[in-house]
Amino acid sequence: MASGHGRADYLLYVDKRVVGVIEAKPVGTTLAGVEWQSATYADGLRPEVRLKALTHDGQLPFVFEASGIETWFTNGFDPDARARRLFSFPRPEALAQLIRDADADPAHPTWRAKVRTLPPLDTTGLRPAQIEAVRGVERSLVEQRFDRSLIQMATGAGKTYTAVTQAYRLLEYGGFRRILFMVDRINRAKQTLAEFQNYRTPGDGRRFAELSPVDLLNSAGMLASSSVVISTIQRVHSVFRGGAVTEADDPLLDGYTPDIPVTVDYSADLPPETFDLVIVDEAHRSIYGVWRGVLEYFDAHVVGLTATPGRQTFAFFRQNLVSEYTYPQSVADRVNVDFDIYRISTEISEHGSTIDAGTLVPKVDRRTRKQRWETLSEDLDYERTALDRAVTAKSQIRLVLETFRDRLFTEIFPGRSDVPKTLIFAKDDAHAEEIVRTVREVFGKGNDFATKITYLNKDADAHLKAFRNSPTLRIAVTVDMIATGTDVKPLECVFFMRDVRSTQYFEQRRDAAHAPSTRRPSSP
């Protein structure tokens, strides 16, 4: 540095030019108070260095403050440039790309500048709630008061279509290069991929994928050719750790939930600057708690989509709710339909029961399903919560399903003669197995009448497609694979044969059925 200007801790060079400065401080130092110091170093460069330096409005464009624990970055090309926290320093090639973008469009050098001049939204084919959501996100991007935006929109009102519309505008006009679309189930990822591929862009009507490649995450190497990457949060975390992922279903991977919050280390294959925008579908499941570190790794604006936000969801998104379209509003607008609740109660499901000593009972190994018979040496008392977990009462399952059958056309769907498309939620895969076999017996039907759709299916996607389209397949039994966001338009009846412990859980599963038709959640 020139005499009288102190000493910079580090100067950053890109292509042999000084482009930035790092102010390094000891661990524990608060960094906001040193921003003024690091921002003035460009004025103090020695003349021979200054001639080769890149400056913007008289200052070096890239300014960092770091303590070894925290790293803060100010991009001087941003309008109203403000420091933001990063997981780690950007790669030199990332800074070089920022410089090329600024050279290509000096008036709007970054996406934070470009979003201020987005063209008016083409509202053709969009519902009012979708228009409000897109405009709300874009207003948040322009104002830069929050780095996260939350959209609450009732299932069935077009959350994914809204997100695709938003992604198209930001990629086409907003200077965004790559978007991560996060879902909580791989079947939902494939459904989202199809929605992106089939989206017709405003104007010439070309498909989205013709303009911007869309892919499922299968490796870090494919990112260079993808504008939109769709993945579960588990698969992103696997790539962080150098693991291989494929487009095939992997229940052990996609269904994995760690016991403690995950820790994330820097990944050279997936650096923090990889994505400009992260969209989280059904945000309440993925973002907070154990997986939070995955999203906070990226230097990206985060948009959450949810029909049923909880308090933790609002907290993560800093209370920045940019649009709200509730289920009652969607019913009033005839986008969705209202529902009735029909309750089937049994003595065992309410109070538990006792198996007397001396009773010969089968015991099943859940892993191998091998059965052996054993005589109880003493009475076995079990609570209602143990039903269909530690104890399976086949007679109770049959009684509930027979009651459903007998009252289906008189009380539940009066006047109907065909069994409505019905989704039954079971407690686990073994419980689902017992239910689907009993359904076939109770209704006197064959294999094509009822099926199990869980992650343990050999081809769960084919079963789900058949449930959507087959006129003979009327009842599906699942655990959690089919839930909010999985599109099964013919579905009319949601049937809980498991505990419903929260309003949010009920609403998430209820919303698996959302088409405008008679729809009745039922619960034993």
Side-chain angles (χ1 to χ4, degrees), residues 155-156 336-346 348-350 384 387-389 392-414 416-445 448-454 457 460 463-464 466-468 470 472-515 517-524:
T155 299
N336 286 322
V337 296
D338 208 350
F339 63 93
D340 299 317
I341 295 178
Y342 190 91
R343 185 175 178 84
I344 301 172
S345 299
T346 68
I348 294 178
S349 64
E350 292 294 312
R384 59 182 298 274
L387 189 63
D388 299 311
R389 295 192 187 276
T392 298
K394 294 186 177 182
S395 60
Q396 187 266 350
I397 294 174
R398 177 174 284 274
L399 177 59
V400 168
L401 293 172
E402 287 176 341
T403 304
F404 175 67
R405 177 202 63 196
D406 294 343
R407 300 185 184 184
L408 184 58
F409 303 134
T410 57
E411 298 179 16
I412 303 176
F413 285 86
R416 289 279 291 271
S417 59
D418 59 317
V419 177
K421 289 276 187 177
T422 299
L423 178 63
I424 300 176
F425 283 100
K427 295 180 180 178
D428 54 31
D429 192 77
H431 187 214
E433 184 85 7
E434 193 66 44
I435 291 172
V436 75
R437 296 191 185 281
T438 309
V439 165
R440 294 167 182 167
E441 294 173 1
V442 166
F443 282 88
K445 299 292 185 180
D448 59 350
F449 177 78
T451 191
K452 182 183 72 172
I453 306 177
T454 70
N457 280 70
H463 283 73
L464 182 57
F467 185 49
R468 287 193 186 104
S470 171
T472 58
L473 181 52
R474 308 308 299 174
I475 297 177
V477 185
T478 190
V479 179
D480 277 322
M481 181 174 168
I482 306 175
T484 306
T486 301
D487 189 11
V488 186
K489 285 186 168 62
L491 188 59
E492 296 181 84
C493 182
V494 179
F495 195 155
F496 297 99
M497 293 187 70
R498 60 175 296 165
D499 289 337
V500 180
R501 298 183 178 179
S502 70
T503 300
Q504 189 177 31
Y505 180 91
F506 171 79
E507 291 174 346
Q508 292 165 10
R509 272 65 185 172
R510 173 205 67 192
D511 289 348
H514 59 256
S517 59
T518 305
R519 175 176 47 149
R520 296 172 181 263
S522 303
S523 178

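Counting from 1, the numbers follow the sequence of the chain as shown. Nothing here was measured: the structure is a model prediction, and the numbers come from that model.
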Which pair of non-hydrogen atoms, one from [X] and one from [Y], has the smallest distance, and what is that distance?
X      : Y      : answer
Lys427 : Val479 : O-CG1, 3.9 Å
Phe409 : Asp418 : CE2-O, 3.3 Å
Ala466 : Lys421 : O-NZ, 4.2 Å

Among Leu491, Val477, Ile453, find the one that has a side-chain contact (heavy atoms from CB on, under 4.5 Å) with Leu423.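 For Leu423, the side-chain contact (heavy atoms from CB on, under 4.5 Å) test succeeds with only one of Leu491, Val477, Ile453, which is Leu491.
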
Given side chains that start at C-beta, do those of [X] and [Y] come closer than 4.5 Å, heavy atoms only?
X      : Y      : value
Phe339 : Ile341 : yes
Thr422 : Val439 : no
His463 : Leu473 : no
Ile475 : Cys493 : no

Can you tell me how far the [atom1] atom of [X] sits from the [atom2] atom of [Y], to the nearest 0.5 Å?
X      : Y      : atom1 : atom2 : answer
Glu434 : Met497 : CD    : CE    : 10.0 Å
Ile424 : Arg498 : CD1   : CZ    : 13.5 Å
Ile412 : Glu492 : CD1   : CD    : 12.5 Å
Ile435 : Arg398 : CD1   : CZ    : 13.0 Å

Show your reasoning for whether salt bridge (Lys or Arg N to Asp or Glu O under 4.0 Å) applies to Lys394 and Glu441. CA-CA 12 Å; Lys394 294 186 177 182; Glu441 294 173 1; over 6 Å; no

Partner set under salt bridge (charged side-chain N to carboxylate O under 4.0 Å, His left out) for Arg440, not counting sequence neighbours: none

For Thr472, all residues meeting side-chain contact (heavy atoms from CB on, under 4.5 Å), sequence neighbours excluded: Asp448, Ser470

With sequence neighbours excluded, tell me which residues meet side-chain contact (heavy atoms from CB on, under 4.5 Å) with Arg405. Glu402, Val442, Phe443

Ring pair (Phe, Tyr, Trp, His ring centres under 6.0 Å) with Phe496: which of Phe404, Phe425, Tyr342? Phe425

